[in-house]
Q: 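One structure coming up, written as structure tokens, with questions to follow.
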Amino acid sequence: MTYTSTLLRLLDERGYIHQLTDAEGLDALAAKQIVPGYIGFDATAPSLHVGSLVQIMLLRRLQQAGHKPVVLMGGGTTRIGDPTGRDESRKMLSDETIDANIASIRTIFERFLTFGDGPTDAVMVNNHDWLGQLGYIQLLQEVGTHFTVNRMLTFDSVKLRLEREQPMTFLEFNYMILQGYDFRHLEKEMGVRLQMGGSDQWGNIVNGIELARRMDGVEVFGVTTPLLTTADGAKMGKTAAGAVWLNEDALPAWDFWQYWRNVDDRDVGKFLRLFTDLPLDEIARLEALEGSEINAAKVVLANEVTRLCRGEEAAKAAEATAAATFAAGGLGADLPVLTVESGGIGIVDALVGIGFAASRGEAKRLIAGGGARVDGESVTNEAFHIAVENEVRLSSGKKKHGVLRPA
């Protein structure tokens, strides 16, 4: 359909929309008033990773379109754990750990959203503030009566766990009830009319919509984004080296920049639309580049995303490091460094010490496969000794580089 509201036009043009509960109703509402909308985030770690970035950008688009983003931190539901997509229960975290995680995660959102007291300023709320006050009997009486076990057993998060004969605790089974209650609470207390999330959250969002209608007779809305994978089918935010964390202290800016610089050619246009504020006509020009020229578009992507997430200086430093390392054959300032005592170091120990291999065995396999390089020259002998009298460039493949520096 053709949308009349700035919000849905923006989301549609940039590829955020997968499902809408009532497209016409939400479009009409967003065209006539400010719509507070929320997305929930776990507090299981001090940082979110790239897999959450599309949701963060969705809140940014909401604010850009003149509406109010509500960041819901799951301080209460983190104590239970979302069973969606999981085969086993999460470990319990202490209150202190959850609070520290939320404080750390907030710093990410402060780069993407404008917080304050204005009508379209973002706010962050913690569902422990209301879920922690619910008495068990009260929850069963007021909320539990609106959920049937028959329906709950049809949810993918439950079905998959049962089909795989993996246990699901009664605690986890209640997660969908509490998430539905979140939507109802936010509508009642803050006038939130919209919940957004990934496509795997569709069932939980619909639960909240139905609960608000049954308990309060209020119409609220839901939007989900497509399941985001890379062109080769990999899950967004995961690499062979681990998660691509958004916080600087969890992943250096150089590694973050490199993740975007190395994306598949086929993903460049999609990622520019989702993760940058570049105009659509400029994105169309960049994604039309072919051959080696597409690398220029990847640098733009890396710069723009790093600028949003880490700041201008981090983006400039990462690009300068890339230029020094790749174009000039030099050593960029942001590369990982391993200080080596006099006498040098063996190639195996160097690869492990700088973090290019998790074990000596992995380092030996890298060497045997021709992936280890010293100052640009391939090393295939695992007994090779590196004399580190000056700075030496150590490489793993074509994309990982580091510096061996004399003590």
Side-chain angles (χ1 to χ4, degrees), residues 36-63 67-86 90-117 120-134 139 171-172 174-198 200-201 204-205 207-208 220 222-225 237 243 245-250 308-309:
Y38 87 98
I39 300 177
F41 297 87
D42 280 334
T44 53
S47 174
L48 301 175
H49 60 67
V50 163
S52 297
L53 191 54
V54 69
Q55 307 308 325
I56 297 173
M57 290 299 295
L58 194 53
L59 288 171
R60 182 177 175 86
R61 302 301 184 210
L62 185 73
Q63 191 166 53
H67 300 282
K68 187 179 185 69
V70 177
V71 182
L72 174 64
M73 293 307 306
T77 42
T78 295
R79 289 163 169 81
I80 295 172
D82 186 355
T84 304
R86 298 182 64 87
R90 283 189 175 131
K91 68 175 184 178
M92 294 290 183
L93 301 178
S94 68
D95 291 354
E96 292 76 16
T97 298
I98 292 173
D99 290 343
N101 288 347
I102 291 174
S104 178
I105 289 170
R106 182 184 172 94
T107 63
I108 300 170
F109 286 97
E110 287 172 343
R111 290 194 177 274
F112 288 88
L113 304 172
T114 299
F115 284 82
D117 299 323
T120 63
D121 286 342
V123 294
M124 178 176 281
V125 295
N126 182 345
N127 65 12
H128 185 58
D129 292 344
W130 56 88
L131 296 181
Q133 306 305 314
L134 280 175
L139 177 68
L171 184 69
E172 290 175 287
N174 280 272
Y175 185 93
M176 63 187 79
I177 295 177
L178 296 180
Q179 186 168 329
Y181 185 79
D182 281 343
F183 200 174
R184 186 255 177 170
H185 174 88
L186 290 172
E187 188 286 319
K188 191 174 181 181
E189 299 299 323
M190 298 177 61
V192 172
R193 300 290 299 277
L194 172 65
Q195 182 182 0
M196 302 177 289
D200 61 340
Q201 293 298 314
N204 288 328
I205 291 173
N207 263 345
V220 291
V223 175
T224 63
T225 57
W245 298 104
L246 300 182
N247 276 33
E248 173 72 30
D249 54 3
L308 278 174
C309 194

Q: Against Trp130, only a single residue in Asn126, Leu134, Asn127 fulfils side chain to side chain contact (heavy atoms under 4.5 Å, CB included); can you say which?
A: Asn127

Q: Has the side chain of Thr78 got a donor or acceptor atom that lies under 3.5 Å from a matching backbone atom of Asp42?
A: no

Q: Checking Ala122 now: which residues fulfil side-chain contact (heavy atoms from CB on, under 4.5 Å) with it, not counting sequence neighbours?
A: Gln63, Pro69, Leu113, Phe115

Q: At what distance, to the nearest 0.5 angstrom, does CE of Met73 lie from CD1 of Ile39?
A: 12.0 Å

Q: First locate atom CE of Met196, then atom CZ of Arg61, and finally report the distance between them rounded to the nearest 0.5 Å.
A: 12.0 Å

Q: Let me confirm one number: the CE-OG1 distance from Met176 to Thr77, rounded to the nearest 0.5 Å.
A: 13.0 Å

Q: Taking atom types as modelled, is there a side-chain donor on Gln201 or Gln179 under 3.5 Å from an acceptor on the other?
A: yes

Q: Could you walk me through whether Thr120 and Thr114 pass the side chain to side chain contact (heavy atoms under 4.5 Å, CB included) check?
A: CA-CA 9 Å; Thr120 63; Thr114 299; over 6 Å; no

Q: Check step by step if side chain to side chain contact (heavy atoms under 4.5 Å, CB included) holds for Val220 and Phe183.
A: CA-CA 9 Å; Val220 291; Phe183 200 174; 3.5 Å; yes

Q: Specify the closest pair of heavy atoms between Lys68 and Asp121, including all atoms of both residues, with the distance to one decimal.
A: NZ-O, 2.7 Å

Q: Rounded to the nearest 0.5 Å, what separation is found between the CG atom of Leu93 and the CG atom of Asn101?
A: 6.5 Å

Q: By the definition side chain to side chain contact (heavy atoms under 4.5 Å, CB included), identify the one residue from Val54, Leu48, Val50 that meets it with Ser52.
A: Leu48

Q: Could you pull out all residues at least two apart from Ser104 that satisfy side-chain contact (heavy atoms from CB on, under 4.5 Å)?
A: Pro46, Asn247

Q: Which atoms form the tightest heavy-atom contact between Ser47 and Trp245, and what is the distance?
A: O-CZ3, 3.1 Å

Q: Identify the heavy atoms of Arg111 and Leu308 that sit nearest to each other, and give their distance.
A: CB-O, 3.4 Å

Q: What distance separates Leu53 CG from Arg60 CZ, expressed to the nearest 0.5 Å?
A: 10.5 Å

Q: Test Leu194 against every option in Leu62, Val70, Leu186 by the side chain to side chain contact (heavy atoms under 4.5 Å, CB included) rule and name the one that passes.
A: Leu62

Q: Please step through side chain to side chain contact (heavy atoms under 4.5 Å, CB included) for the pair Ile56 and Leu246, ending with a clear verdict.
A: CA-CA 11 Å; Ile56 297 173; Leu246 300 182; 3.6 Å; yes

Q: Looking at CD of Gln55 and CG of Leu58, how far apart are the two atoms once the value is rounded to the nearest 0.5 Å?
A: 6.0 Å

